[in-house]
Amino acid sequence: MNLTKAKIISNEQISLRYCHMKIAIPDWSVSEVQAGQFFHIRTTDDFSPLLRRPFSIYRINELDNTLEFLYLVKGAGTKRLAERKPNELLDIFGPLGNTFTIPEMSRGLILVARGVGIATLSALAFAAGKKGVPCFAILSARTKEDILVEKELNEAGIKTFLVNDLDGTSDLANVKVMAEELINSKQVDSIYTCGSKRLSILMKDMAEKHQLFAEIALEENMGCAMGACYACVCDIKEGNEIQTIRICQDGPVLPLKKVVLS
């Protein structure tokens, strides 16, 4: 991990609620970064707000040695970050956390993401594409306008299925039918999810039913991202015992079957 300065290449609003940022880190190779990891970023230069914010890595570009992030503009930190301009320097710490696993000889992956959860899963999708592993993505959001990176995923060879609350297609029963069709047609043998508790519970049940490999990327507010403050804890089941872990240290990627979601 590194504590360093990154140069903002671009930082643009891409929809009503979301922004896309691209950065370059001088004298440092992005090949060290892997899908699933995150950076802890100071959103301003004046320490207001004081705490850093965790941002999942959306895209790793080894060709031009840049990283890309998608983020929801919601609180004070992300509102200030959205105001940052190209060529400004950004105080970043990372990469942090663990990574996704693509099983050997995988037939295909199914990604189920809600909202900005696709920011985390996209890096996995692009990595799978490089390995020649087929990938399918179910993208869920409040409205069609909130669905992110459909075009970029399609251009990378990932087939997308779009559902949203406004037209009722994001209903759990509908998402279950979509996932079941992919599983029963033997196009996928691994499930990955991020961004929604209800979708994660559904995917956990389906992974157990069909005996599939499954991982979840957890999203949580963090204080230090180094395991000292215990601000980002969650419960997992190990055998018959419930244990509390720190997402920044033991995650953010975890076996879906172990995470206590209810």
Side-chain angles (χ1 to χ4, degrees), residues 1-4 30-42 51-60 67 69-72 75 77 92-104 106 109-128 189-208 211-262:
M1 65 184 71
N2 299 276
L3 177 60
T4 187
V30 300
S31 61
E32 298 179 30
V33 185
Q34 297 184 58
Q37 293 184 300
F38 67 95
F39 278 81
H40 217 210
I41 297 177
R42 189 177 300 285
L51 296 179
R52 297 172 182 268
R53 301 293 192 269
F55 292 90
S56 300
I57 298 151
Y58 156 60
R59 200 158 195 170
I60 304 162
L67 296 171
F69 301 87
L70 293 174
Y71 60 97
L72 170 65
I92 68 171
F93 180 43
L96 300 165
N98 60 6
T99 65
F100 291 108
T101 304
I102 300 177
E104 292 292 330
S106 176
L109 319 181
I110 180 171
L111 317 181
V112 182
R114 174 74 175 180
V116 80
I118 192 57
T120 303
L121 296 182
S122 287
L124 169 64
F126 298 136
D189 52 23
S190 305
I191 293 175
Y192 305 83
T193 188
C194 182
S196 165
K197 183 177 179 180
R198 69 187 187 106
L199 288 175
S200 296
I201 292 172
L202 174 63
M203 291 303 110
K204 185 175 184 179
D205 292 341
M206 295 187 70
E208 182 178 354
Q211 295 297 294
L212 301 180
F213 178 84
E215 289 182 331
I216 182 173
L218 295 175
E219 302 174 304
E220 188 55 80
N221 294 324
M222 296 181 184
C224 68
M226 298 180 66
C229 68
Y230 284 80
C232 60
V233 297
C234 77
D235 290 336
I236 65 168
K237 190 171 184 180
E238 290 284 5
N240 295 321
E241 296 184 355
I242 302 296
Q243 299 181 4
T244 299
I245 64 167
R246 295 162 293 180
I247 294 173
C248 65
Q249 291 291 292
D250 301 298
V253 180
L254 294 166
L256 182 53
K257 66 181 179 181
K258 290 186 176 183
V259 177
V260 178
L261 295 167
S262 56

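What's counted below: heavy atoms across the whole structure, side chains too, no hydrogens, waters or symmetry copies.
- Partners of Thr4 under the side chain to side chain donor-acceptor pair (under 3.5 Å) rule, at least two apart in sequence or in another chain, do not exist in this structure.
- When the side-chain contact (heavy atoms from CB on, under 4.5 Å) test is applied to Glu238, the partners found at least two apart in sequence or on another chain are Ile236, Gln243, Lys258.
- Residues that satisfy the side chain to side chain donor-acceptor pair (under 3.5 Å) test with Ser106, not counting sequence neighbours, are Asp189.
- Residues meeting the side chain to side chain donor-acceptor pair (under 3.5 Å) test with Gln37, sequence neighbours left out: none.
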Begin from the C-alpha positions of Glu215 and Thr101 and carry the test side chain to side chain contact (heavy atoms under 4.5 Å, CB included) through to its verdict. CA-CA 8 Å; Glu215 289 182 331; Thr101 304; 3.3 Å; yes
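- Judged as a side-chain contact (heavy atoms from CB on, under 4.5 Å), and not counting sequence neighbours, the contacts of Ala123 are Ala35.
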Can you list the steps and then say if Ile92 with Asn2 is a side chain to side chain contact (heavy atoms under 4.5 Å, CB included)? CA-CA 8 Å; Ile92 68 171; Asn2 299 276; over 6 Å; no
Go through the steps to decide whether Phe38 and Ile57 satisfy the test side chain to side chain contact (heavy atoms under 4.5 Å, CB included), and finish with yes or no. CA-CA 6 Å; Phe38 67 95; Ile57 298 151; 5.6 Å; no
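- Using a 4.5 Å cut-off on side-chain heavy atoms (C-beta onward), Val112 and Leu121 make no contact.
- The shortest distance between side-chain heavy atoms of Leu67 and Ile60 falls below 4.5 Å.
- The SG atom of Cys194 sits 10.5 Å away from the CG atom of Leu111 when rounded to the nearest 0.5 Å.
- Annotation: salt bridge (Lys or Arg N to Asp or Glu O under 4.0 Å) contacts involving residues 244-253, sequence neighbours excluded, are absent.
- Every side-chain contact (heavy atoms from CB on, under 4.5 Å) that Arg53 has, sequence neighbours left out, goes to Thr43, Pro49, Leu51, Phe55.
- Atom SG of residue Cys248 and atom CG of residue Leu96 lie 8.0 Å apart, to the nearest 0.5 angstrom.
- When side chains are defined from C-beta on, Pro252 does not count as touching Thr120, because their heavy atoms never get closer than 4.5 Å.
- Residue Gln249 holds its CD atom at 10.5 Å from CG of Asn98, rounded to the nearest 0.5 Å.
- Contact between Phe100 and Ala217 at its shortest, heavy atoms only, is CZ-CB, 3.8 Å.
- Judged as a side-chain hydrogen bond (donor to acceptor under 3.5 Å, both in side chains), not a single pair has a partner in residues 191-203 (not counting sequence neighbours).
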Could you pull out every donor-acceptor pair under 3.5 Å between side chains of residues 218-230 and any protein atom, sequence neighbours left out?
none

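- Contact check for Phe39 versus Pro95: side-chain heavy atoms found under the 4.5 Å cut-off.
- Ala214 is linked by a side-chain contact (heavy atoms from CB on, under 4.5 Å) to Ile191, Ala207, Leu256, counting only residues two or more places apart in sequence or in another chain.
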Please lay out, stage by stage, how Cys234 and Val260 fare under the test side chain to side chain contact (heavy atoms under 4.5 Å, CB included). CA-CA 8 Å; Cys234 77; Val260 178; over 6 Å; no
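- The heavy-atom pair separating Arg114 from Leu199 by the smallest distance is CB-CD1, 4.2 Å.
- Shown here are the side chain to side chain donor-acceptor pair (under 3.5 Å) partners of Tyr58, two or more places apart in sequence or in another chain: there are none.
- Distance check: Leu261 CG to Met203 CE gives 12.0 Å after rounding to the nearest 0.5 Å.
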